[in-house]
Amino acid sequence: MRQPRQIGQELRTLVEEAGIRHVLFCEPALTIDEQWFTELLNYLVSASLNVKWQASAALEHLDEETIPRLAQAGCEALTFVIAASSIFDSASRRNQARKLITTIREHGIYTHATILLEPPYESIARLIDVAATFGLNDVSFELMQTMRVGDDEQTIKRFARQRYQEGQTRQRLIDRFSPVLGGLLWQLRVQNVDEELGG
């Protein structure tokens, strides 16, 4: 990993010589090395470069104490890669992910996730439904290599996107009206749509 000071100096040059104030850190994920990541954030905060940036990070390597530093350092967007099956590892991990994403968004940072879909097929819909409760600004879906053989990748991705949007709508109703009433309103909405399509 290159030295944070060197990266900061290059960012300053981009600002002063080219007027560039928005930067994308392509690879690797910034959280790949915890000590280096901390040093980078500290340097960017102290340097006051007035540069906004986006990068990828591992959600499990972030904590609530780091998030304000991200915002102070100029982070405007984070992308996470989430293996869909890992969402179901434990309720505590799901709750922690939701809490972190909420905190990140409260600090004005845009959140995007690339969700990796993987077999078994019958679990995909449920995995997508859970992901829709995380409060992300946006998602994209990628298929694991094992699903690309003999399957229509675009069809599965379209299904995932539609299911995710439906899950987000349901979650908004639940957040606003409580799980019981929100769930009931969702069911009524689905029934009305089905009747309109049938008519």
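Heavy-atom basis, side chains included; hydrogens, waters and symmetry copies ignored.
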Point to revise | Any donor-acceptor N or O pair under 3.5 Å, side chains H61, E34 | key: no

Check your understanding: Does a donor on one side chain sit under 3.5 Å from an acceptor on the other, for Q9 and R12?
Key -> no

Review point. Can you hop from V45 to W36 via hydrophobic side chains spaced under 4.5 Å?
Key: no

Check your understanding: Is the backbone N or O of A73 less than 3.5 Å from a side-chain atom of W53, with the two atoms forming a donor-acceptor pair by type?
Key -> yes

Check your understanding: Got L100 and L59 here, is their nearest side-chain heavy-atom distance under 4.5 Å?
Key -> yes

Exercise for review: Check the hydrophobic clustering (I, L, V, M, F, W, Y; side-chain heavy atoms under 4.5 Å; chains of links allowed) and say if Y110 and L41 are grouped together.
Suggested key: no

Review point. Taking C-beta and beyond as the side chain, do L70 and I109 meet within less than 4.5 Å on heavy atoms?
Key: yes

Exercise for review: For the pair K99 and E64, find out whether any cationic side-chain nitrogen is under 4.0 Å from an anionic carboxylate oxygen.
Suggested key: yes

Exercise for review: Check whether any side-chain N or O of T31 sits under 3.5 Å from a backbone N or O of A58 as a donor-acceptor pair, and report yes or no.
Suggested key: yes

Study note, to complete from the structure: For A57 and A29 the tightest heavy-atom approach is CA-CB, 4.1 Å

Point to revise | Min side-chain heavy-atom separation R5-Y43 under 4.5 Å | key: yes

**Study point:** Worked verdict on E27 versus S56 for side chain to side chain contact (heavy atoms under 4.5 Å, CB included)
**Key:** CA-CA 7 Å; E27 291 182 346; S56 60; over 6 Å; no

Point to revise | Ion pair R2/E10, N-O distance below 4.0 Å | key: yes

Practice item. Please examine the side chains of T133 and R98, heavy atoms only from C-beta on, and report whether any two atoms are closer than 4.5 Å. Key: yes

Check your understanding: Which distance, rounded to the nearest 0.5 Å, do you find between the OG of S140 and the CG of D138?
Key -> 7.0 Å

Check your understanding: For the side chain of N137 and the backbone of T111, is there at least one donor-acceptor N/O pair under 3.5 Å apart?
Key -> yes

Revision key, fill the gap. Closest non-hydrogen atoms of L49 and G8, given as atom of the first, atom of the second and distance, are CD1-O, 3.7 Å

Exercise for review: Step through the shown structure and confirm whether more than 12 heavy atoms of other residues, nucleotides or ligands are within 6.0 Å of CD on E60.
Suggested key: yes

Point to revise | Side chain to side chain, T66 and T38, heavy atoms closer than 4.5 Å | key: no

Check your understanding: Is the CZ atom of R21 crowded by more than 12 outside heavy atoms at less than 6.0 Å?
Key -> yes

Exercise for review: Check whether any side-chain heavy atom of N42 sits under 4.5 Å from a side-chain heavy atom of R69, and report yes or no.
Suggested key: yes

Check your understanding: Looking at side-chain heavy atoms only, is the closest gap between L116 and I82 below 4.5 Å?
Key -> no

Point to revise | T114 side chain reached by V139 side chain, heavy atoms, under 4.5 Å | key: no

Check your understanding: Can N95 and S92 be counted as having a side-chain donor-acceptor contact under 3.5 angstrom?
Key -> no

**Study point:** Within one Ile-Leu-Val-Met-Phe-Trp-Tyr cluster: V51 and I7, side-chain cutoff 4.5 Å
**Key:** yes

